[in-house]
Student: 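Before anything else, here's the structure in question.
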Amino acid sequence: MKVQIPRGTQDILPKQVKLWQIIEEKAREICQNYRYEEIRTPMFEHTEIFTRGVGDTTDIVQKEMYTFLDRGDRELTLRPEGTAPVVRSFVENKLFGDPNQPTKLYYLGPMFRYERPQSGRYRQFVQFGVEALGSKNPAIDAEVIALAIELYSQLGLKNLKLVINSLGDKESRMRHREALINHFKPKIGEFCSDCQSRLEKNPLRILDCKVDRDHELMSNAPSILNYLNDESKQYFDKVCHYLDLLNINYEVDATLVRGLDYYNHTTFEIMSNAEGFGAITTLCGGGRYNGLVEEFGGPETPGIGFALSIERLISALEAEAITIEQEDTLDLFVIALGEVAEDFSVKLLYELRKQQIRADRDYMDRKIKAQLKAANRYNAKYVVIIGDDEMNNGKAMLKEMATGEQTEVNLDTFVANFKQRVTSREE
RNA sequence: GCGGCUAUGGCGAAGUGGUGAACGCAUCGGAUUGUGGCUCCGACAUUCGUGGGUUCGAUUCCCACUAGUCGCCCCA
């Protein structure tokens, strides 16, 4: 049998896992500071959650879902994004009835999209995202954006660009949509086939087209910002105002269109400017989704959130040559020579570890020399060498690896004395 | 779904249509018996992604497949 990981997936090996853990801890810590609480929803949902939530004309639904029938002929889909499941859970568990509103949630876990893998794109990837449900205060839009930026900047990223836009409310969007159709329709034949199909489906996306970006109709296309009604306009201005208060730099881009149908009002992306970053520069995407809760049968509840990929975050760290490493150390490496000593070391290790001492030994029948090398590789602070002589007279050699200094220690009081030695050093 | 590039030991990497597939790193063993990080010596790919074809003969040429990688669409 040939062993091979499925396409577009990756193993995160022990060396890399440490970085993941640091990032995850940081994300959790920030969420705690902002009072966002973790929610864990299943890895798969009924397919309708996504077709209705995300929108069945979107690329995600049309060509990227891992959909399957289970043994009971239920149609299920591995979650391609986190918002729809969270909203489903919010409605199903009636979280809107909780006195603590808005409901501020975060999630951290794998998402699945059937895509052609390339740099920054996987079939299974890990998203960290937050959702704030229940408030239509523009300050919470700014809070959500600030939270995302906080994570990046705490990890040391510098080359970030925040781009924001407003899609307005339903009425604004409809008026803008009509204007766009009227604008492009006369010459739609000159556009690429994608744009031609976008005209009726989602004309906003034409603005985002790379193929036709130089067409004469592009530069003077109606901007959404000119079609926002007063309420939408005021809302957007407020969001910008709060970002200004927080000294968060941003760029308003009226062509910023997000790929999911549920967005309205605020949309934003955080991108990396770093040299040498791949073609996909979006690190984080989010926006407001008023109306989605109602779509799932809940009460009228506004919402806003974002999602970011840990993989891309790590790529951005690499692009900026930021290393977040904390090397693992071992307190003690036990070298036992001979059967009696080995018996003793088995018990010794057990006791040491019980005392919170990080200890290990050789299991590969290496010579003492190779064991010392191994201890060195494990970054052991100390090595204790126990042989027949030591067993007989109850003393052993404790070697400090950094200095090479050796001291004779008693074996019967070893654990307590060693613990003291290690802990006193740390203070 | 489409296109470019790539595929040799644990890792990096050379190479040729023809008897034993360089080299570097790592690993293991040795250089006075039980002592690391330096040095020296030795060991370490019946095999060159998989399958097929061309050929007297292919790891080297051709095809397909698979995978990786980068890009397009789009996204995290």
Student: With the side chain counted from C-beta on, respond yes when A:Tyr107 and A:Pro85 share a heavy-atom pair under 4.5 Å apart, and no when they do not.
Tutor: no
Student: Going by heavy atoms in the side chains, are A:Ile224 and A:Leu228 under 4.5 Å from each other?
Tutor: yes
Student: Could you go step by step and tell me if A:Arg113 and A:Glu81 meet the side chain to side chain contact (heavy atoms under 4.5 Å, CB included) rule?
Tutor: CA-CA 9 Å; A:Arg113 293 186 199 172; A:Glu81 61 99 46; 3.9 Å; yes
Student: Return the value, rounded to whole Å, for the distance between atom CZ of A:Arg121 and atom P of B:rA76.
Tutor: 10 Å
Student: Given the rule in the salt bridge (charged side-chain N to carboxylate O under 4.0 Å, His left out) test, do A:Glu320 and A:Lys158 qualify, once you have shown the distances and angles that lead to the verdict?
Tutor: CA-CA 8 Å; A:Glu320 294 194 23; A:Lys158 298 261 184 300; over 6 Å; no
Student: For A:Leu225 and A:Val252, what are the C-alpha separation, side-chain angles and deciding distance, and is it a side chain to side chain contact (heavy atoms under 4.5 Å, CB included)?
Tutor: CA-CA 10 Å; A:Leu225 296 175; A:Val252 175; 3.7 Å; yes
Student: Check this for me, if you would: do A:Glu269 and A:Arg258 make a salt bridge, where the nitrogen-to-carboxylate-oxygen distance has to be below 4.0 angstrom?
Tutor: yes
Student: In terms of heavy-atom contacts, does CZ of A:Arg40 have more than 12 from other residues, nucleotides or ligands at under 6.0 Å?
Tutor: no
Student: What about A:Arg113, does its side chain sit under 3.5 Å from the base of B:rA76 through a donor-acceptor pair?
Tutor: yes
Student: To the closest 0.5 Å, what do you measure between OG1 (A:Thr267) and CG (A:Asp141)?
Tutor: 10.5 Å
Student: Between the side-chain atoms of A:Lys63 and the base atoms of B:rC74, is any donor-acceptor pair under 3.5 Å?
Tutor: no
Student: Rounded to whole Å, please give me the gap between CZ in A:Arg7 and C1' in B:rC65.
Tutor: 12 Å
Student: Looking at A:Glu38 and A:Arg28, is any side-chain nitrogen of the basic one under 4.0 Å from a carboxylate oxygen of the acidic one?
Tutor: yes
Student: Would you measure the distance from the C1' atom in B:rU6 across to the matching atom in B:rA13 and give it in whole Å?
Tutor: 14 Å
Student: Measuring only the C1' atom in each nucleotide, how far is B:rC48 from B:rG9? A whole number of Å is fine.
Tutor: 10 Å
Student: Using the P atom as the point on both nucleotides, what is the distance between B:rG36 and B:rA31, in whole Å?
Tutor: 12 Å
Student: Quick one: the side chain of A:Arg258 and the base of B:rC75, do they pair up donor-acceptor inside 3.5 Å?
Tutor: no
Student: With a 3.5 Å cut-off and just heavy-atom distances, do the side chain of A:Glu64 and the base of B:rA76 make a donor-acceptor pair?
Tutor: no
Student: Could you provide the dot-bracket string of RNA chain B, using ( ) for intrastrand pairs, [ ] for crossing pairs and | for bases paired to another strand, with Watson-Crick or G-U pairs below 3.5 Å?
Tutor: (((((((..(((.....[....))).(((((.......))))).....(((((..]....))))))))))))....
Student: Treat primed atoms plus P, OP1 and OP2 as sugar-phosphate and everything else as base, then score nucleotides 33-38 of chain B 5' to 3': B for base contact with protein heavy atoms under 4.0 Å, S for sugar-phosphate contact only, - for none.
Tutor: -BBBB-
Student: Is the shortest side-chain N to carboxylate O distance from A:Arg353 to A:Asp360 below 4.0 Å?
Tutor: yes
Student: Measure CD/A:Gln127 against P/B:rC75 and give the value in whole Å, please.
Tutor: 13 Å
Student: I need the CD-P distance between A:Glu81 and B:rC74, as an integer number of Å.
Tutor: 19 Å
Student: Provide the distance between the two P atoms, one in B:rC11 and one in B:rU27, to the nearest whole Å.
Tutor: 15 Å
Student: Do A:Thr77 and A:Thr67 get their side chains close enough for a donor-acceptor pair, meaning under 3.5 Å?
Tutor: yes
Student: Would you please indicate if the ring centroids of A:Tyr262 and A:Tyr289 are separated by under 6.0 Å?
Tutor: yes
Student: Measure the distance from CZ on A:Phe277 to C1' on B:rC70 and round it to the nearest whole Å.
Tutor: 14 Å
Student: Work out how far the P atom of B:rC65 is from that of B:rG12, and round it to whole angstrom.
Tutor: 27 Å
Student: Taking the C1' atom of each, how far is B:rC62 from B:rA22, in whole Å?
Tutor: 28 Å
Student: Could you list the residues that satisfy ring pair (Phe, Tyr, Trp, His ring centres under 6.0 Å) with A:Phe184, not counting sequence neighbours?
Tutor: A:Phe191
Student: Base, sugar-phosphate alone, or nothing: which one does A:Gly278 contact when heavy atoms must sit under 4.0 Å apart?
Tutor: sugar-phosphate
Student: In whole angstroms, how far is the P atom of B:rG1 from the CD1 atom of A:Ile60?
Tutor: 18 Å
Student: Going by distance alone, is a donor N or O of one side chain under 3.5 Å from an acceptor N or O of the other, for A:Tyr235 and A:Asp169?
Tutor: no
Student: Measuring from atom CE of A:Met401 to atom CG of A:Leu372, what distance do you get when rounded to the nearest 0.5 angstrom?
Tutor: 5.0 Å
Student: Taking only N and O in the side chain of A:Arg377, is any of them less than 4.0 Å away from OP1 or OP2 of B:rU27?
Tutor: yes
Student: Name the residue closer to the 5' end of RNA chain B, choosing between A:Pro6 and A:Ala279 according to the nucleotide with the nearest heavy atom.
Tutor: A:Pro6
Student: Scan nucleotides 2-8 of chain B against the protein and return all N/O pairs shorter than 3.5 Å with their distances rounded to 0.1 Å.
Tutor:
{"residue": "B:rC2", "atom": "N4", "partner": "A:Arg116", "partner atom": "NH1", "Å": "2.6"}
{"residue": "B:rG3", "atom": "O6", "partner": "A:Arg116", "partner atom": "NH2", "Å": "3.3"}

Student: May I have the distance from A:Glu269 (atom CD) to B:rC75 (atom C1'), rounded to whole angstrom?
Tutor: 8 Å
Student: If you take any heavy atom closer than 4.0 Å to RNA chain B, which residues from residues 8-18 of chain A end up in contact?
Tutor: A:Gly8
Student: Taking atom P in both B:rG4 and B:rA64, what distance in whole Å separates the two?
Tutor: 11 Å
Student: Of the residues in residues 305-317 of chain A, which ones touch RNA chain B at a heavy-atom distance under 4.0 Å?
Tutor: A:Ala307, A:Ser309, A:Arg312
Student: Measure the distance from CG on A:Leu260 to P on B:rC74 and round it to the nearest whole Å.
Tutor: 14 Å
Student: Quick one: are A:Phe418 and A:Gln355 in side-chain contact, heavy atoms under 4.5 Å?
Tutor: no
Student: Would A:Tyr36 and A:Glu143 count as having a side-chain donor-acceptor pair, cut-off 3.5 Å?
Tutor: yes
Student: Salt bridge check, A:Arg88 against A:Glu92: does any charged N sit closer than 4.0 Å to a carboxylate O?
Tutor: yes
Student: What distance, rounded to whole Å, do you find between the two P atoms, one in B:rC23 and one in B:rG34?
Tutor: 32 Å
